[in-house]
K.L.:
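So that we are looking at the same thing, I have put the structure below in structure tokens.
Below, each value reflects all heavy atoms present in this structure, side chains not excepted, and no hydrogens, waters or symmetry copies. On a predicted model such as this, the values are computed, not experimentally measured, just so you know. Labels below follow one simple rule: chain letters A, B, ... track the order of the sequence lines, proteins then strands, and each chain is numbered from 1.
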Amino acid sequence: MHHLVRCTGLRAAGSLNASRRSAEFSTASIARSQKESILDIEKLLSRPTWSVSSLLPPKDSASDAPEVTSKQLHHLLRLSALPPPKDQQEEAKMLSTLSSQLHFVKEIQKVDTAGIEPLRSLRDETMQGEKEAELGMEAMKDALAQEEVRGKHHKRIRRRRDHTAAKQEEDWDVLGTAQRKVGRYFVVEGGKDK
Amino acid sequence: MDELDTPVFPAPKALLMQVPCLNLRKAPANGVAAASTVPTSEPNSNVSAFDIAVPGSLPVFQPAVVLPALRAAIVLGCHIEPVSYFDRKHYFYHDQPAGYQITQYYHPFARDGLVTLTSDDGLEAGQEVEVYIKQVQLEQDTARSQEEDEHTTLIDFNRCGQALVEIISLPNLHSPRDAAAYVRKVQSLLYAVDAVTTGMEHGGLRADVNVSVRRRDGDSDRSFEYSGVSGLGRRTEIKNLSTLKGIEDAIKAERDRQIRLLESGGVVQPETRGWSLTHPHETRRLRGKEGEVDYRYLPDADIPPLSFDLDLISHVARSMPPTPAVLVRHLVQHYGLSVKDARILESLDDGERLIYFQEVVAELLSLHDYEVNEINVGKIAVNWVLFEVGSLFSTDESTWSRDKIPAKSLAEIIHQLRKNAITGASAKLILRLIFDGDSRRVSEIIRQEKLMYVGMSPETYETIAKDIMQNHPQEVKDIVEKGKIGKLKFLMGQMMRHPRRSEMSAPEAEKALRRLLLGEKS
């Protein structure tokens, strides 16, 4: 949500993408703030102007999300290693919640994201930042130096096996958290399929 | 003739191979150095927090892995993507504590490669198979598990998190033999560019094979499309094959199983199957295959995008070592070797034997006072390098070392032999002495051990021959009276045991005997 608040000390937050459409809210806010020169922030923030429930199916009416079958539910639970519902009542509740969630997702999908790169993680995506992240000759200098060229008549590459780089990390008790151990192995109960 | 030619179902295959390079993400407590890349034998002795998914731990990308990965992709003819991304593939299994594997599903770092197989790679003469590489991607390895009994599995996390390069081919392989040939070729290419450090037997390379069948003519279910290749039957996956023979046998077993199933009116289920050496004629179901969507791929937020400076890519591409095929061709064209000898020479001792051979030839050329070139001496040198020197090392069961018989010394021995200054037997003797540690120069050994070949006159040969004949009257009788020419060899042997044998040439000795015994003129 982008609230444009014209007030001393506050600047618009977030990346304002021209193509993101949250038009109704920003124009309303601008209109309001143009009328008032001093804002009561506390008053402004005391009443929510939007709720996520606007994206959920209205109560007492079916969502327009596709049906989730019991079979699908069980499949999803199995994939996520979650316990199956203990009775019909719990299953019905899960299905209903899932249905609302799917309705929500469909509402989110209504946002036009044409031409926008999806966000993968929060990183420095400035030109400078991306350039610095590039792996080039300098970054690979040490690795390249490990390659040994053998033979005068043609080049053959072998990396030197550097055994000295071995114990630079602190030793820690790897098996410390294991409930069961056999020698230096972790143990899993059950055969191959578990 | 491969059985596949007669019955009706050829089997298109796609191969997936995983090749460990270096540790990809081992983030130790101090966050600076990487954990050891040396394969350790103690289980769970080289594990970082993220490998066993300790809450709060994060993966750290180790750039060093990029070098072998790039070389692998380039030698397979791939295009390198300047920017590639990492994704999470979610599934639960005891060898993957985080519940997901970090891989490159949507944007791998290399695509669209090609490996061409010809008769050089074990195919029939004139046959050529093009195997397209869909993509090459970086991903994490899982832990190693060992089934103790049906209730207990032991797990070692040493290799968990280690970087793998996964090579995915298109279903262009149509016979078990071609599939094995492809894997062998990829292995040798990767070895040539130092992208694989150990062979298949030691886990250096694993293959997962997808197998499907379809009727050559007539109808069968051909409605599946994999990696853009359509008209295929449903495939199953055979996981973790670690020998070339295993690949062939597993494919045959699965192909036969699918054919039997389809012929009896059944349907091939999407499954993951296993194969083991103890039951080579069958594959067994491991688990149902989840659809790709069940892995719920999503971008990994912890590992930043992998982006390459174009200078790095071109440097690596320009500094690629020659492939085995290029080396073999060079040996054949430049040194006049037979393809067979060239292949053997190229493959021995991690390329060291080849280098040694080239040094010996270079030395030989410098010793000659008249015009010779590499081709003149190449064939002689290769026999000595491969067979004479080779057998010394193999009977001694010692590993190759270029210092045991310095190239200069071998060249000298060959040179003296070619000049007829020593006999073949003497040459071998000198070789043996040096191998055993004699530090004298070759010329000194020849002089001090009196190995100079002074051509003996025919009369001297005959004197010695008569001596031998006198000591073995029965054999002489057999030859002269009963025509048992075979006994000549025995007498020859006796002659070559004579104290003056180092001065004798075997062909001349034989001629002398034949003159005396058979009246031959020579």
Side-chain angles (χ1 to χ4, degrees), chain A residues 75-76 78-81 118-124 130-131 133-140 142-144 146-159 161-163 165-172 174-175 177-178 180-194, chain B residues 28-30 32-38 42-45 47-49 52 54 63-64 66-68 85 91-92 94 99 145-148 150-157 193-194 286-287 290 294 296 299 301-302 304-309 311-312 315 319 321-322 327 330 350-352 355 358:
Chain A
H75 178 64
L76 289 170
R78 194 179 50 79
L79 282 182
S80 309
L119 181 73
R120 290 166 189 281
S121 62
L122 295 175
R123 296 178 294 112
D124 181 351
E130 309 247 272
K131 199 87 188 96
E134 270 183 12
L135 284 176
M137 298 296 293
E138 185 59 34
M140 299 303 300
D142 289 335
L144 285 167
Q146 293 284 339
E147 287 189 329
E148 203 175 48
V149 177
R150 304 271 312 113
K152 288 194 289 289
H153 304 268
H154 67 266
K155 184 180 146 100
R156 179 172 204 95
I157 290 176
R158 281 295 173 264
R159 270 169 289 150
R161 312 277 174 242
D162 197 349
H163 299 263
K167 282 294 173 186
Q168 284 174 8
E169 50 169 304
E170 320 166 6
D171 285 294
W172 63 292
V174 174
L175 293 157
T177 55
R180 277 182 65 195
K181 280 187 281 225
V182 169
R184 282 202 58 87
Y185 287 96
F186 286 85
V187 175
V188 163
E189 267 168 67
K192 265 191 148 51
D193 232 78
K194 288 285 171 80
Chain B
N30 60 17
V32 174
S36 168
T37 64
V38 177
E42 263 298 289
N44 292 306
S45 56
V47 176
S48 73
I52 55 170
V54 170
V66 145
L67 210 47
Y85 302 94
Y91 64 94
F92 286 102
H94 59 250
S145 40
Q146 205 172 296
E147 215 178 57
E148 186 85 324
E150 62 199 37
H151 302 296
T152 324
T153 305
L154 303 179
I155 316 184
D156 173 15
F157 288 94
V193 301
D194 201 35
L286 294 178
R287 54 179 186 266
E290 288 154 339
D294 285 345
R296 293 150 292 154
D302 300 322
L306 179 59
S307 76
F308 297 120
D309 186 322
D311 284 346
L312 177 67
H315 171 85
S319 62
L327 286 174
H330 179 72
D350 196 23
E352 293 293 317
I355 292 171
Q358 289 172 314

K.L.:
Can you tell me how far apart CG (A:Leu135) and CG (B:Leu306) are? Round to the nearest 0.5 Å.
P.N.:
6.0 Å

K.L.:
Which atom pair, heavy atoms only, marks the closest approach of B:Ser307 to A:Glu130?
P.N.:
OG-O, 4.4 Å

K.L.:
Taking all atoms of both residues into account, what is the closest heavy-atom pair of A:Tyr185 and B:Asn44, and its distance?
P.N.:
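The pair with the smallest heavy-atom distance is CA-ND2, 3.6 Å.
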
K.L.:
Checking heavy atoms, do the side chain of A:Ala139, its backbone, both or neither come under 4.5 Å from chain B?
P.N.:
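Neither part, no heavy atoms under 4.5 Å.
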
K.L.:
Restricting to non-hydrogen atoms, name the atom on A:Ser80 and the atom on B:Arg296 that form the minimum distance, rounded to 0.1 Å.
P.N.:
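The pair with the smallest heavy-atom distance is OG-NH1, 3.6 Å.
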
K.L.:
Restricting to non-hydrogen atoms, name the atom on B:Asp311 and the atom on A:Met137 that form the minimum distance, rounded to 0.1 Å.
P.N.:
O-SD, 4.2 Å

K.L.:
Can you tell me how far apart OH (B:Tyr91) and CG (A:Leu79) are? Round to the nearest 0.5 Å.
P.N.:
13.5 Å

K.L.:
Please name the pair of heavy atoms, one in A:Ser121 and one in B:Ala301, separated by the smallest distance, quoted to 0.1 Å.
P.N.:
CB-O, 3.4 Å

K.L.:
Given heavy-atom pairs under 4.5 angstrom as the criterion, report whether the side chain, backbone, both or neither of B:Ile52 touches chain A.
P.N.:
side chain

K.L.:
Whether the side chain of B:Asp309 engages the backbone of A:Glu134 through a donor-acceptor N/O pair (distance < 3.5 Å, no angle test) should be reported.
P.N.:
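A pair under 3.5 Å: no.
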
K.L.:
How many angstroms lie between CG in B:Leu154 and CZ in A:Arg180, if you round to the nearest 0.5 Å?
P.N.:
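If we round to the nearest 0.5 Å, B:Leu154:CG and A:Arg180:CZ are 9.0 Å apart.
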
K.L.:
Where do A:Met140 and B:Ala64 come nearest, in terms of heavy atoms and distance?
P.N.:
CE-CA, 4.2 Å

K.L.:
Can you tell me which portion of A:Arg120 sits under 4.5 Å from chain B's heavy atoms? Options are side chain, backbone, both or neither.
P.N.:
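Both backbone and side chain of A:Arg120 come within 4.5 Å of chain B.
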
